[in-house]
Every structure is written in structure tokens, then in C-alpha cells.
Amino acid sequence: HVKETTEIGECKMYAPGNLRATSDNPQYEKLLNYYVQEKYTLRYTGGMVPDVFQILVKEKGVFTNVTSPSTKAKLRILFEVAPLGLMVENAGGYSSADG
């Protein structure tokens with residue numbers, strides 16, 4: 001049996017990627033502090049694929065992978081980001097490539 005995910009909803013679960021970017025990206029640090037203060041549940045495996053699949057299975061959550069001047073994202077757009085972004089969007093969620 002395969003579960004059909006038709007919607008990605010809002011919830012208080014987040015999976016932050018590239019945490020080193022908080023050292024020189026104050027907006028990212030502010031966002032993560034907001035998640036902590038609002039008692040969001042941390043989902044962090046260190047890998048985008050398992051974190052995004054957890055969000056798909058639970059049908060809710062937020063995954064971030066933000067860059068900064070000193071820490072560039074290491075995700076490969078063609079083989080990792082684009083396919084998962086397509087899956088998330090087809091499930092009713094949102095994806096963005098805004099730097």
C-alpha cells in the first residue's frame with residue numbers, strides 16, 4: 001500500500017540545513033531562533049533526503065537550506081533539489097530557489 005500525499009500542511013516541525021550559515025547570515029539565525037522560541041520540533045538528520053521524506057510522510061513541516069557569504073549550500077540542484085522540490089510541490093507544498 002502506498003500512501004497518497006495530497007497536501008503539505010503547516011505545523012511546528014522544522015529541518016534546518018547548513019546551520020553554519022547562521023554565523024554570518026543574521027536573517028537565518030533569526031529564523032532558527034524563532035523556531036526554537038515557538039517550540040517547533042527539530043527534525044535534523046544532516047541529510048536533505050531523509051528530512052524532506054519525513055515531511056512528506058507526516059504531510060507537514062519546513063525544510064531550509066540557506067547560504068551565507070562563507071558557507072555555500074552543497075546540494076546538487078539537478079539530482080537532489082529539483083526532484084524533491086517537484087515532489088513537494090506536487091504534494092501541495094512550496095519550494096524556492098531564492099538565494
Side-chain angles (χ1 to χ4, degrees):
H1 174 70
V2 175
K3 180 180 177 184
E4 184 175 323
T5 300
T6 58
E7 181 179 345
I8 303 290
E10 293 184 37
C11 80
K12 288 193 166 191
M13 179 175 69
Y14 72 107
N18 198 17
L19 291 174
R20 289 185 182 125
T22 60
S23 67
D24 58 349
N25 184 330
Q27 292 297 334
Y28 191 35
E29 182 179 23
K30 182 179 177 182
L31 175 65
L32 295 181
N33 287 336
Y34 170 81
Y35 289 150
V36 171
Q37 291 168 358
E38 294 297 316
K39 299 187 180 358
Y40 277 54
T41 301
L42 173 63
R43 161 73 186 180
Y44 181 73
T45 64
M48 181 179 107
V49 173
D51 289 344
V52 171
F53 277 114
Q54 177 74 13
I55 290 168
L56 288 170
V57 167
K58 298 279 186 181
E59 298 181 347
K60 53 190 170 185
V62 176
F63 174 83
T64 60
N65 193 320
V66 176
T67 62
S68 74
S70 66
T71 58
K72 305 298 181 201
K74 295 177 183 148
L75 298 174
R76 293 175 299 262
I77 189 87
L78 183 61
F79 300 109
E80 294 175 324
V81 178
L84 287 176
L86 178 64
M87 290 174 59
V88 167
E89 289 177 3
N90 283 327
Y94 300 96
S95 66
S96 171
D98 294 340

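As the structure is a computational prediction, the values presented were derived from the model and not from experiment.
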Trainee: Side-chain contact test, heavy atoms from C-beta onward, threshold under 4.5 Å: evaluate it for Phe53 versus Met87 and give yes or no.
Mentor: yes
Trainee: Taking a hydrophobic cluster as the set of Ile, Leu, Val, Met, Phe, Trp and Tyr residues connected by side-chain heavy atoms closer than 4.5 Å, whether directly or through intermediates, do Val36 and Leu31 fall within one such cluster?
Mentor: yes
Trainee: Run the side-chain donor-acceptor check on residues 15-22: report pairs under 3.5 Å with partners two or more places apart or on a different chain.
Mentor:
{"from": "Asn18", "atom 1": "ND2", "to": "Val66", "atom 2": "O", "distance (Å)": "2.7"}
{"from": "Asn18", "atom 1": "ND2", "to": "Thr71", "atom 2": "O", "distance (Å)": "3.3"}
{"from": "Thr22", "atom 1": "OG1", "to": "Leu19", "atom 2": "O", "distance (Å)": "2.8"}

Trainee: Not counting sequence neighbours, which residues clear side-chain hydrogen bond (donor to acceptor under 3.5 Å, both in side chains) with Asn33? List them please.
Mentor: none
Trainee: Whether the side chain of Asn65 engages the backbone of Met48 through a donor-acceptor N/O pair (distance < 3.5 Å, no angle test) should be reported.
Mentor: no
Trainee: Going from CD on Gln54 to CD on Glu59, what distance comes out if it is rounded to the nearest 0.5 angstrom?
Mentor: 12.0 Å
Trainee: Just how far is it from atom CG of Asn25 to atom NZ of Lys30, taken to the nearest 0.5 Å?
Mentor: 12.0 Å
Trainee: Do Val88 and Leu86 share a hydrophobic cluster (ILVMFWY, side-chain heavy atoms under 4.5 Å, transitive)?
Mentor: no
Trainee: Within the structure provided, determine whether Leu84 and Val49 are in side-chain contact (heavy-atom separation under 4.5 Å).
Mentor: yes
Trainee: Would the distance check show the side chain of Lys12 and the main-chain N or O of Lys39 forming a donor-acceptor pair, the cut-off being under 3.5 Å?
Mentor: no
Trainee: Given the rule that I, L, V, M, F, W and Y join up when any side-chain heavy atoms are under 4.5 Å apart, are Leu42 and Val62 in one cluster?
Mentor: yes
Trainee: Taking only residues two or more places apart in sequence or in another chain, which ones pass side-chain hydrogen bond (donor to acceptor under 3.5 Å, both in side chains) with Glu89?
Mentor: Ser95
Trainee: Name all residues meeting the ring pair (Phe, Tyr, Trp, His ring centres under 6.0 Å) criterion together with Tyr35; count only those two or more places apart in sequence or in a different chain, and write none if there are none.
Mentor: Tyr14, Tyr40
Trainee: What pairs with Pro50 under side chain to side chain contact (heavy atoms under 4.5 Å, CB included), at least two apart in sequence or on another chain?
Mentor: Arg43, Thr45
